[in-house]
Protein chains: 2
Amino acid sequence: MRASDKAYTELRRDIVEWKLPPGTVLGEVEQAERLGVSRTPLREALARLSADGLAVQQRGRGAVVSDVSLDHLDNLFELRRALEVESSRLAARSEHREGFARLAQRFTEAADALGGGDAGAALEPYYRLAGELDEAIDQAVDNPYIEQALRGLRTHLARVRRLAQDAPDRLRASAFEHAAIAGAIAAGDSELAAAATLLHLSHSLDHIKTHAGS
Amino acid sequence: MRASDKAYTELRRDIVEWKLPPGTVLGEVEQAERLGVSRTPLREALARLSADGLAVQQRGRGAVVSDVSLDHLDNLFELRRALEVESSRLAARSEHREGFARLAQRFTEAADALGGGDAGAALEPYYRLAGELDEAIDQAVDNPYIEQALRGLRTHLARVRRLAQDAPDRLRASAFEHAAIAGAIAAGDSELAAAATLLHLSHSLDHIKTHAGS
DNA sequence: GCACAAAGTTTTGTATACAGAGGTGCGTCC
DNA sequence: GGACGCACCTCTGTATACAAAACTTTGTGC
């Protein structure tokens, strides 16, 4: 693995996981020493982070971890709506929809598990399942431009997710909403898939806005 | 201006204007000498171009100008539909819609000019007007995430535009479609704005696909 | 004559050294 | 006592030198 890739991967992970909180100044020598690479590959990593929007380059002052707050939530979800609703629509029209019926079933099972006694143990599998749905939609949409836009969006979402804690009842409802999306795609009903996605996003945003900041 | 910015700007312009056609290998020393900068800032420029999708880094072989062809058109317009339809919808709901009525009028006038005797002279003003509409929508949407996604999209569109020549009658129809979009936004009718945008994109894609390659 | 391997050459990837710009702190002047 | 200015210092931005990896070419063996 190249040193610049290593620096990029580590810095990106640290930023997304809030180990480097917003506003942190990323001094080149400091970070280079911390990560065990030279300044040259580190600068390349910082440039990529800036392109991702995870850092902003201040003139003369180097790079600082970009700000993120609930003020961005509406903006983030507006982009999410544009991309994900259309993605669901396209996925439902795609030829490669074999896996979605099974995914819908697994989401329903996950919802039951989240409602059961040991909800904590069902949490991690549920997040992985949600990731699988994202991947399946990406594959079905089969559009590198949309995929790239979604990748950037998901990075910011993962970062903002820290601001809102996940209540078990919300996760259970979310699982049912995901099941509806996967089911609509499996059925090839593009407008139903779009509607189900729109509903999920609306509920998701509502939940974050009412339960965040505590 | 920093040397890396200069290298990025020039390379980007050369790629978008097809002075560096797809498949061109961007040797580091070669380009560094051509642009009069050192390899270090040039590498930073190449990294940014890769992030934009204008170049792809091939293992061991450096960077090459990314491919672009009519095969990408459907993918590009799918993303365009997702972003621009939602942008029009958001712009129509925005508070800052003062300029759109005037823009709609200017598009109607531009359509008349394009239908008149000296259509060639009306070409350049029309392109500028289309750019103004894009900017106005960006301002009304007021969403940095969507704006960034649109910026990347427009870069690729500018590049692919070379593949399709602009027939005068299509431009005239396009002007009317733009007038409809601007008018709907000015009226604050979000669904009408979305529909007008959808129609414009559909016609635009149809035209390119039937008239391209000659 | 073709295929495989090895060596050479060209290229990228990394480190370090140097220069320039900006910021901060202290001193002096008003 | 406060404000402005100068100097020092730290940090970014750039260049160059070195190392490593990959591709190409040539030679030899089958």
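Sequence lines set the chain letters: A, B, ... in the order given, protein chains first and strands last, and positions in each chain run from 1. As the structure is a computational prediction, the values presented were derived from the model and not from experiment.
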K.L.:
May I have the distance from A:R61 (atom CZ) to D:dT10 (atom C1'), rounded to whole angstrom?
P.N.:
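It is 13 Å, rounded to the nearest whole Å.
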K.L.:
So which atom in A:S88 and which in A:A194 form the shortest heavy-atom distance, rounded to 0.1 Å?
P.N.:
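Nearest heavy atoms, A:S88 then A:A194: CB-N, 4.4 Å.
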K.L.:
Write down the distance between CD (B:Q58) and P (D:dA22), rounded to a whole number of angstrom.
P.N.:
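Distance, rounded to whole Å: 14 Å.
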K.L.:
Roughly, in whole Å, what's the span from CD in A:E33 to P in D:dC11?
P.N.:
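Going from A:E33 (CD) to D:dC11 (P), I get 10 Å.
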K.L.:
Side chain of B:S4, base of D:dT14: donor and acceptor closer than 3.5 Å?
P.N.:
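Checked by distance alone, the answer is no.
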K.L.:
Could you tell me whether B:R39 contacts a base, only the sugar-phosphate backbone, or nothing, with contacts defined as non-hydrogen atoms closer than 4.0 Å?
P.N.:
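Base: the residue B:R39, judged by heavy atoms under 4.0 Å, touches a nucleobase.
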K.L.:
Could you tell me how the ring of B:H178 sits relative to the ring of B:Y126: parallel (under 30°), tilted (30 to 60°) or perpendicular (over 60°)?
P.N.:
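Tilted: the ring planes of B:H178 and B:Y126 meet at 30° to 60°.
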K.L.:
Could you check how far CG of B:L35 sits from C1' of D:dA15, rounded to whole Å?
P.N.:
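Atom-to-atom, B:L35 to D:dA15, this comes out as 16 Å.
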K.L.:
Taking atom P of D:dT16 as reference, at what distance in whole Å does atom CD of B:E28 sit?
P.N.:
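Computing the B:E28:CD to D:dT16:P distance gives 15 Å.
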K.L.:
Quick check for you: among C:dT14, D:dA15, D:dT14, whose closest atom lies nearest to any side-chain atom of B:R43?
P.N.:
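Closest of the options to the side chain of B:R43: C:dT14.
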K.L.:
Roughly how many Å is it from CE in A:M1 to P in C:dT14, rounded to a whole number?
P.N.:
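That distance rounds to 11 Å.
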K.L.:
To the nearest Å, give me how far apart CZ (B:R2) and C1' (C:dG22) are.
P.N.:
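To the nearest whole Å, that distance equals 14 Å.
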K.L.:
Send over the distance from A:E44 CD to D:dG13 C1', rounded to a whole Å.
P.N.:
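One finds 15 Å between C1' of D:dG13 and CD of A:E44, rounded.
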K.L.:
Would you call A:D5-A:R48 a salt bridge at under 4.0 Å N-O?
P.N.:
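Between A:R48 and A:D5 there is a salt bridge, with a charged N closer than 4.0 Å to a carboxylate O.
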K.L.:
Could you check B:T40 against B:V29 and say which one's nearest nucleotide on DNA chain C is further toward the 5' end?
P.N.:
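Mapping each residue to its closest nucleotide by heavy atoms, the 5'-most match is B:V29.
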K.L.:
Of A:P41 and B:A63, whose nearest nucleotide on DNA chain C comes first from the 5' end?
P.N.:
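Upstream on the strand: B:A63.
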K.L.:
Any side-chain donor paired with an acceptor under 3.5 Å for A:R43 and B:T40?
P.N.:
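A:R43 vs B:T40: no donor-acceptor pair found between side chains.
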